[in-house]
Amino acid sequence: MVKRRTITAALLALGVMASPLAALAQSPLAATAPKEIAPATPLPEVPRNQTVVLGWGVALSSPIGVTNPWALPGYTHQEGNAFMWEPLMYFAIFKGEYVPWLADSMEYTDDTFTALEIKLNKDAKWSDGTPVTSKDVKFTFDGQLNNSKLPYNAHFTQFVSSTDIVDDLTVKVNFKAPAPRFKFEVLTEKFDTGIPIVPAGWLSAQPDVNMAPGSVDIPHSGPYDLKAWNANQKIFDYRPDWWAVKAGRIAEPAVKRVIIANITGVSMDTVAQRVVNNEFDSALDMRSSVIGNILAQNPEITTHTGSESPFGYLDWWPNSLWMNTQLEPYNDPNIRRAMSLVINRDVINDILYEGAPIATIYPFPLYPNLQAFADSPAVKALEEQYQPRKFDTDESAKLMTAAGYALNGDGLWEKDGKTIDATIQGFEGIHSDIVPILVEMLRQGGFDAAINFGPDAYQNMADGKAGLYMFGHGASLYDPFEALNLFHGKYSEAIGTSAGNNRFSRYKNPEYDEILDSIAPLSSDDPKFQEGAAKALGIYWRDTIDVPVIQWLHRIPYNNHYWKNWPSSTNIADGTNGAFWAHTGLLVVTGLQPTGAK
């Protein structure tokens with residue numbers, strides 16, 4: 001799936017509307033969307049100690065009024081809409097557990113992974129009081145299968161043959177082929193992936209489900225109702241009849257109102273000061289120096305790691321230096337390896353993270369199951385063989401010399417009058433700390449590096465232009481398959497076409513594809529899966545498909561003046577990440593507890 005959240009954060013910091021998200025704002029829905037949603041009568045006063053105020057965007061990714069998850073292009077869960085919608089299950093990444101929600105259970109019927117039985121919670125209801133039933137689940141799944149505009153259409157088309165209603169609370173999903181990861185990757189919400197269940201009654205009555213904004217009219221199962229929305233803010237109020245409390249899923253939320261304050265175009269320093277002043281309870285993730293200043297100014301503010309470096313938790317988006325492996329000279333794995341050899345990951349840890357081990361050699365985040373895979377004997381043996389972390393400028397120079405390059409008068413590798421364009425495309429709002437360090441390392445190693453944080457950076461990546469692309473791998477969370485699958489040859493777009501879903505490498509290798517195809521039907525705990533995944537990771541290192549640089553951190557400020565129980569390394573809470581804009585943001589906000597401040 002497209003990792004839109006981090007692009008959004010970059011745009012918020014920059015105050016621009018470039019990149020793919022600009023296209024969303026210009027969707028057909030924008031032409032008919034209201035300029036403002038205002039209540040017919042003034043909203044009742046809600047005390048500050050019952051209100052959470054969050055700094056984010058309110059109409060950067062979607063037009064005002066779009067709350068229907070099927071209104072595409074245009075809908076996003078990231079601007080508060082996640083407070084309205086719920087999945088069958090969530091996944092608590094730091095507990096490594098499923099969190100049953102609309103569904104009480106969701107189990108494969110046998111170890112062939114060709115059918116999945118879902119049992120719904122009997123108390124689940126829409127905001128209009130009607131029950132959530134198997135008809136809603138079937139409608140949701142059939143829509144994803146038959147509507148090419150919906151985000152998981154490709155997954156449903158590949159795997160699902162039918163969805164059968166067994167009774168009002170039971171659904172059976174039949175697969176065309178073994179689908180051991182479908183439950184987790186598609187039907188479970190975590191970070192920015194997974195699908196919510198939508199109301200069959202309301203959506204089936206719409207002339208075009210993709211053009212129905214939803215606004216305040218669409219029934220939803222989540223705890224908050226949209227009350228107001230304009231260019232400055234978005235307001236949600238808690239509805240006391242939320243089904244999840246009666247069902248015992250969660251205690252009565254203390255947060256009765258959520259205000260998302262628009263920070264699009266606002267300087268990061270101003271956003272930080274509003275957190276310091278107790279105006280914001282939280283805001284977007286920030287760079288280390290900004291977080292450090294916030295912590296120094298207000299002792300009631302904390303982060304995932306308290307007041308200690310690295311001030312954040314691992315996001316699912318480890319960043320690499322990608323490149324178009326079909327384009328000369330990046331099509332030479334020895335040149336890709338030579339560039340990797342001049343990256344000193346120990347120095348990156350020392351300069352940016354006060355020695356915390358954030359620099360990485362993996363295309364996936366080291367969450368518990370993935371850490372276990374990385375620590376397995378097979379992977380450790382391949383790491384020793386290929387040494388992806390190695391820093392050795394002499395070895396890099398030997399590879400470049402063997403490729404026919406020589407250092408010119410500027411100390412840059414040159415061949416046939418051309419240096420190697422190592423301009424790094426990236427986003428200033430999120431990469432301003434790491435990219436200058438990488439540029440200096442690359443230039444010291446003889447590569448013609450520079451920075452492009454311009455509005456064309458993302459498009460250059462998608463178009464496969466010359467240079468390097470600082471971007472992440474929004475894929476694996478539980479096992480390494482999805483991250484490794486980013487490099488399957490079936491996604492290798494030809495030069496002159498746009499790389500889909502951020503698969504920028506355009507790598508193609510039948511040996512690699514054969515391994516992935518062989519392990520795709522297997523469960524992640526199958527020894528044959530573990531063996532095959534290790535082999536694929538070995539090829540990733542052997543061929544230096546891209547140059548892994550850092551695990552991605554969410555350095556989010558949490559203000560404890562009015563609210564406590566923010567998720568942290570010492571307070572796992574529900575086990576989810578602390579990003580309020582993610583799908584699991586609903587659990588973060590409803591789990592907050594008042595401090596007693598007035």
### For K122, all residues meeting side-chain contact (heavy atoms from CB on, under 4.5 Å), sequence neighbours excluded
L169
### Message
Using the side-chain hydrogen bond (donor to acceptor under 3.5 Å, both in side chains) criterion, which residues pair with E514? Sequence neighbours excluded.
### Response
none
### Task
Please identify each residue that fulfils side-chain hydrogen bond (donor to acceptor under 3.5 Å, both in side chains) with N174, with sequence neighbours left out.
S162, D164
### Task
May I ask you to say whether D104 pairs ionically with K119, meaning some side-chain N is under 4.0 Å from a carboxylate O?
no
### Message
Show me the pairs that pass salt bridge (charged side-chain N to carboxylate O under 4.0 Å, His left out) and involve residues 125-135, at least two apart or across chains.
### Response
none
### Query
Mind checking whether Y238 and W242 have parallel, tilted or perpendicular rings, split at 30° and 60°?
perpendicular
### Ring geometry between Y458 and F504 (parallel below 30°, tilted from 30 to 60°, perpendicular above 60°)
perpendicular
### Message
So, using side-chain hydrogen bond (donor to acceptor under 3.5 Å, both in side chains) as the criterion, who are the partners of W126 when residues are at least two apart?
### Response
D136
### Query
Counting distance only, does the side-chain N/O of T360 pair as donor-acceptor with the main-chain N or O of Y362 below 3.5 Å?
yes
### Task
Give the minimum heavy-atom separation between W101 and L587, together with the two atoms involved.
CH2-CD2, 3.7 Å
### Query
side-chain contact (heavy atoms from CB on, under 4.5 Å) with F94: which of N577, L314, T576, D574?
N577
### Given F364, F487, Y512, the one that forms ring pair (Phe, Tyr, Trp, His ring centres under 6.0 Å) with Y540
F487
### Task
Take V258 and F580 through the side-chain contact (heavy atoms from CB on, under 4.5 Å) test and state the conclusion after the steps.
CA-CA 11 Å; V258 181; F580 60 82; over 6 Å; no
### Summary
Minimal heavy-atom distance between P318 and P365, with the atoms involved, is CG-N, 3.8 Å
### Query
Do N501 side-chain atoms and R503 backbone N/O form a donor-acceptor pair below 3.5 Å?
no
### Message
Whether R239 and D241 form a salt bridge (side-chain N of Lys/Arg under 4.0 Å from carboxylate O of Asp/Glu) is what I want to check.
### Response
yes
Pair up each side-chain donor or acceptor in residues 176-186 with any protein partner under 3.5 Å, not counting sequence neighbours, and list the distances.
residue, atom, partner, partner atom, Å
K176, NZ, T157, O, 2.5
R181, NH1, D479, OD2, 3.1
R181, NH1, L522, O, 3.2
R181, NH2, I519, O, 3.3
R181, NH2, A520, O, 2.7
R181, NH2, L522, O, 3.0
K183, NZ, M106, O, 2.9

